[in-house]
Amino acid sequence: MPELPEVETTRRKIEPLLAGRTILQVTHDAPHRYRDTGLAHGRQVSGLSRRGKYLMLHLAAAEADGEEHDLIVHLGMTGGFRLEEGPHTRVTLTTDAGTLYFHDPRRFGKMAVVPRGVYTGMPTLLGMGPEPLSEDFREEEFVRLAANAGAVKPWLLSQKPVSGVGNIYADESLWRARLHPAQSRLTPGEAGRLYHAVRDVMHEAVEAGGSSLGDGLGNYRQHDGEPGAFQGRHAVYGRAGQPCPRCGVPIEKTVLAQRGTHFCPVCQPLRTEDPA
DNA sequence: AGGACACCCTGTTGGC
DNA sequence: TGCCAACAGGGTGTCC
């Protein structure tokens, strides 16, 4: 589930359940994945925010140390919050107003409690590019960086030129911009198209509540048979062999940078000759 | 600097 | 039907 639109949807859904509440206990059995969660005990949640695919629970200062903290949550591939305990519950978050369960079948999700804004040891968060839906995401800068970049899809996935783009939305954005996933050194025209494609795709997906959402908490529900609002609008992702919505040619699937990659061989040709 | 790769985990799917 | 390999929405560390 967790690319920017799904994380943002999660944030919106659980904020009413957590904001203003005091965390009584965070229990789990994997301290290397969920670090320093004991620091959250007794602190009030002052608000929730999101940076790329990271969810931040802002914690008020405790009487003992007078220092604000963040409970950073990364959903990994399959993480999500639910109201009920299940076979894949990894973390139980108890507040003075109820309990929230973090489910994560694949255990790629992570949590850590840190002093506010201290992200040492989290290189992706430290090097995170601008939010695609904010004014900090500027076309001129994006075009400048893209001119010297390597293969465009891995570049997008690095979170450096822009934050929150994952495998699904990278493929969808590249299709809209009519760019081959392995294209490098984008021309200003190409990079401009991609800039707007990323913004549009992310905006539409957030409005739709992301892909594959289910029970009202923004959960990963792919095998629960409840398709998300944006999933039905995918042009290429998960559509190998089916016709391109633009030209009708079958969508191809390859592997690029260890990730499944979907594209239209006609609409998204690889430009081999150097632009003049 | 940046690319390629292994690794962290478990569940589902598709081919034989 | 049953088994097993391949694959899955992400990030990190290491090696070159």
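Proteins come first, then strands; the chains are lettered A, B, ... in the order of their sequence lines, and each starts at number 1.
- In this structure, the CG atom of A:L156 is 15 Å from the C1' atom of C:dG9, given to the nearest Å.
- In this structure, a donor-acceptor pair under 3.5 Å is absent between the side chains of A:S46 and A:H58.
- One interatomic measurement links the two molecules: CG of A:L75 to P of B:dC9, which rounds to 18 Å at whole-angstrom precision.
- Rounded to whole Å, the distance from CD1 on A:I168 to P on C:dC7 is 18 Å.
- Separation of the P atoms belonging to C:dT14 and B:dC9 is 16 Å when rounded to the nearest angstrom.
- A donor-acceptor pair is defined here as one N or O able to donate and one able to accept, closer than 3.5 Å; such a pair exists between the side chain of A:T89 and the backbone of A:G86.
- As judged by a 4.0 angstrom heavy-atom cut-off over every strand, A:K53 is placed among residues touching the sugar-phosphate backbone only.
- Residue contacts for A:P154: at a heavy-atom cut-off of 4.0 Å it reaches no nucleic acid atom on any strand shown.
- In this structure, A:T261 and A:M122 both approach DNA chain C, and ranking their closest nucleotides by distance from the 5' end singles out A:T261.
- Whole-Å rounding puts the A:H262 NE2 to C:dA8 P distance at 7 Å.
- In the set B:dT10, B:dC5, C:dG11, the nucleotide with an atom closest to the side chain of A:Q258 is B:dC5.
- Remark: the separation of the P atoms in B:dC5 and C:dC7 is 15 Å, to the nearest Å.
- Look at A:R33 and you'll find a side-chain N or O under 4.0 angstrom from OP1 or OP2 of B:dC9.
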Would you be so kind as to tabulate the donor-acceptor pairs closer than 3.5 Å made by side chains of residues 246-253 of chain A, with sequence neighbours excluded?
from	atom 1	to	atom 2	distance (Å)
A:R246	NH1	A:W175	O	3.1
A:R246	NH2	A:W175	O	2.8

Extract all donor-acceptor atom pairs below 3.5 Å that involve side chains of residues 29-40 of chain A and protein atoms in other chains or at least two apart in sequence.
from	atom 1	to	atom 2	distance (Å)
A:R33	NE	A:R107	O	3.4
A:T37	OG1	A:H28	NE2	2.8

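- Among the protein residues, A:K253 comes within range of the sugar-phosphate backbone only, with heavy atoms under 4.0 Å from sugar or phosphate atoms but none that close to a base.
- An OP1 or OP2 oxygen of B:dG11 is reached within less than 4.0 angstrom by a side-chain nitrogen or oxygen of A:H88.
- Atoms CG (A:D104) and P (C:dG10) sit 13 Å apart, rounded to a whole Å.
- Between the P atom of C:dG9 and the CE atom of A:M202 lies a distance of 14 Å, rounded to the nearest Å.
- Distance from the side chain of A:R259 is smallest for C:dG10 among the nucleotides C:dG10, B:dC5, C:dG9.
- Remark: the separation of the C1' atoms in B:dT12 and C:dG11 is 22 Å, to the nearest Å.
- With sequence neighbours left out, A:R193 forms a salt bridge (Lys or Arg N to Asp or Glu O under 4.0 Å) with no residue at all.
- With sequence neighbours excluded, the residues satisfying side chain to side chain contact (heavy atoms under 4.5 Å, CB included) with A:P132 are A:L4, A:F137, A:V162, A:S163, A:V198, A:M202.
- Counting only heavy atoms from C-beta outward, the side chains of A:Q159 and A:K53 approach each other to under 4.5 Å.
- Comparing B:dC9, C:dG11, B:dT10 by their nearest atom to the side chain of A:H32 picks out B:dC9.
- In A:Q242, the CD atom is crowded: over 12 heavy atoms of neighbouring residues, nucleotides or ligands sit closer than 6.0 Å.
- Taking only side-chain atoms of A:Y237, from C-beta outward, the nucleotide of C:dG11, B:dC9, C:dA8 with the closest atom is C:dA8.
- With pairs defined as Watson-Crick or G-U wobble and both atom distances under 3.5 Å, the stems of at least three pairs that touch DNA chain C come out as B:2-8 with C:10-16, B:10-16 with C:2-8.
- Regarding A:R107, its CZ atom lies at a distance of 16 Å from the C1' atom of B:dC7, rounded to whole Å.
- Between the P atom of C:dG10 and the CD1 atom of A:I72 lies a distance of 19 Å, rounded to the nearest Å.
- Judged by ring centres under 5.5 Å apart and planes tilted less than 30 degrees, A:F108 stacks against the six-membered base ring of C:dG10.
- Regarding contacts with the backbone of B:dG11, every side-chain N or O of A:R106 stays at 4.0 angstrom or more from both OP1 and OP2.
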Would you tabulate the side-chain donor-acceptor contacts of residues 110-122 of chain A under 3.5 Å, counting partners in other chains and residues two or more places apart, or write 'none'?
from	atom 1	to	atom 2	distance (Å)
A:R116	NE	A:D70	OD1	2.8
A:R116	NH1	A:E68	OE1	3.2

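- Taking 4.0 angstrom as the limit, A:H74 places none of its side-chain polar atoms (N or O) nearer than this to OP1 or OP2 of C:dG10.
- Phosphate proximity of C:dG9 to A:Y169: absent, as no side-chain N or O sits under 4.0 Å from OP1 or OP2.
- Set against C:dG11, B:dC9, C:dG9, the side chain of A:M77 has C:dG9 as its closest nucleotide.
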